[in-house]
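First the structure, in the form of structure tokens, and then the observations on it.
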Amino acid sequence: MLRNKSRTFQRGIRPSRKDLFNVHSSPQLAAGYSGKVRDKSILLGVTGGVAAYKIVDLIRRLKDEGASVTVIMTEASKNFITPLSLEVASHNKVYSGLFDTPMAHITLTAEADIMVIAPATANIISKFARGIADDLLSTCLLSFNKKVVIAPAMNWRMYENPILQENLRHLISRGVIQVGPEKGSLACGEEGMGRMSEISEIIEVIRSALSKKDLVKEKILVTAGPTREYLDPVRFISNRSSGKMGYAIARAAIRRGAEVTLISGPSLLSQPEGVKFVSVETTVDMLNAVNRELPSTTVLIMSAAVSDFTPAKRAREKIEKSGDLLLRLSRTPDIISEVRKKKDRPFIIGFAAETGNKVRRAKEKLKEKNMDMIIFNDVTEAGSGFDVDTNRVVIIEREKEIRLPLMSKDYVAEAILDRLSELRRIDG
Ligand code: C5P
């Protein structure tokens, strides 16, 4: 974690101006930024729905994130998937019978950080809601006192049945977290509400349930993606930004309890659940959207790759091709500079996507634009920058510099928010 004041430098990386900055770097840092799933112990209940076959993928992906998964199967679930498949996927013994392993209903729950039921049938939901303990899974649910996530999956008539709905409401009122179901084609051949949520959605809810809620007081405005500057109605100047870094920050901030507005330039990514989403195209659109959201914002994270230039004139009609075209560009308004002039300005985090190891240039930008933090990355480095899922960044503050190893953008987002949270606590 960043709080670990490790002074071990990564091999090959040296602080450029040691006298000015405190450099904290550790390859082990990556381990702490898993969206809080890493090293967690997940007790996964699998019940008798057709969606049970998808659970191998859920287990595999949770294990990829560093979680340990122990599976409890109901008897009915074995009609849809074998215990062996789940044992192989989880690398753990699979439990099922209440009396197979003495005291399993106590030891398994004592060791777990979270219980997840996927797919959750009407039967397990209703037993859980009423406190019935007649098999290992339902007994574990009663002896467990931490967070429980359920992913219902069933026929739409069963799902809409008022008895089931009442039982779900009862569980939710007691803190159980429900994910899904979704509308779609069901195993029975009918269409309706009852499909188990996508595995990625279930994982996001598990991450959120395990995440600390240290940003509940913050209203965070994140900008992401590229902007487009039009020459004429069909052509524009843009850049290679995919929006992945900004979207990862928005998702992580939501998990940590913040109220999040995401202002995004054109991006192929899907809108993160729970954010207020504002779609923009040009730099001026983005500036206007930021200005509109600013009064309620406590933290502005400008991860958008905002265009620095725009065609000086935008032709009303498509420009005809006849010979060479000389394009005159003018500067776009600098959004951060506009924001920093405001009274009650928010905490400002900017990004410096540079070509080459220009950390010094990023530090200058931090001062020039009067930001509180700037995130440097070298977009020419393999695995870093545009359109990839990983990034190697340096978190730069006025008097400190934190070099992080190459990590997934989700981990980088957690690292930035860890530091933000720490600074906001210090500032009171
Ligand atoms: O000076 P430079 O453009 O490299 O600074 C990058 C930071 O400034 C990024 O956080 C980017 O989102 C922000 N930016 C801005 N307005 C612009 C261009 C960049 O706020 N017109």
Side-chain angles (χ1 to χ4, degrees), residues 220-230 236-250 253 260-267 269 278-294 297 299-312 314 329-342 345-381 384-387 391 393-398 401 409 412-413 415-417 419-420:
I220 301 185
L221 180 55
V222 183
T223 65
T227 58
R228 286 178 177 172
E229 306 301 324
Y230 283 88
F236 55 80
I237 298 173
S238 191
N239 60 64
R240 290 177 50 207
S241 171
S242 61
K244 283 182 178 172
M245 193 62 248
Y247 279 55
I249 292 172
V260 179
T261 299
L262 175 60
I263 299 176
S264 175
S267 166
L269 304 174
V278 183
S279 168
V280 295
E281 270 200 285
T282 66
T283 303
V284 171
D285 287 348
M286 189 171 275
L287 173 64
N288 291 337
V290 166
N291 276 334
R292 266 196 306 276
E293 298 297 330
L294 217 50
T297 295
V299 180
L300 170 66
I301 306 183
M302 281 292 303
S303 68
V306 184
S307 177
D308 293 317
F309 302 99
T310 187
R314 175 174 175 170
L329 301 175
S330 45
R331 287 292 305 270
T332 52
D334 191 280
I335 300 174
I336 292 181
S337 305
E338 295 293 318
V339 170
R340 70 146 197 247
K341 290 184 211 150
K342 311 248 177 207
R345 76 169 182 86
F347 189 98
I348 300 175
I349 302 180
F351 273 71
E354 306 283 347
T355 49
N357 187 15
K358 296 178 185 155
V359 175
R360 184 169 300 199
R361 179 72 199 108
K363 286 173 189 166
E364 283 163 11
K365 276 185 191 171
L366 177 80
K367 285 191 196 142
E368 279 163 17
K369 296 201 188 189
N370 194 16
M371 297 183 238
D372 301 287
M373 188 190 287
I374 192 162
I375 314 299
F376 164 83
N377 69 303
D378 174 358
V379 294
T380 58
E381 192 189 321
S384 239
F386 296 127
D387 214 20
N391 217 355
V393 305
V394 185
I395 299 176
I396 303 167
E397 297 157 27
R398 287 290 169 127
E401 170 186 321
K409 284 184 176 168
V412 172
I416 294 168
L417 296 185
R419 190 62 196 140
L420 170 72

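When a ligand or atom number is given, it counts from 1 through the structure's own listing order. All residue numbers refer to positions in the sequence shown, counting from 1.
- Protein residues with any heavy atom under 4.0 Å from ligand 1: Met302, Ala304, Val306, Ser307, Asp308, Thr332, Pro333, Asp334, Ile335, Ile336, Gly350, Phe351, Lys365, Lys369.
- Comment: Arg340 does not engage Asp334 in a salt bridge, judged by the lack of any side-chain N to carboxylate O separation of less than 4.0 angstrom.
- In this structure, a donor-acceptor pair under 3.5 Å is present between the side chains of Lys342 and Asn291.
- Asn377 places no side-chain N or O within 3.5 Å of a backbone atom of Asn391 that could act as its donor or acceptor partner.
- With Asp372 as the partner, the salt bridge (charged side-chain N to carboxylate O under 4.0 Å, His left out) test is satisfied by one option alone out of Arg419, Arg345, Arg398, Lys367: Arg345.
- Taking OG1 of Thr223 as the reference point, atom CD1 of Ile336 lies at 7.5 Å (rounded to 0.5 Å).
- For the pair Arg228 and Phe236, the cation-pi test (distance below 6.0 Å, angle within 45°) is passed.
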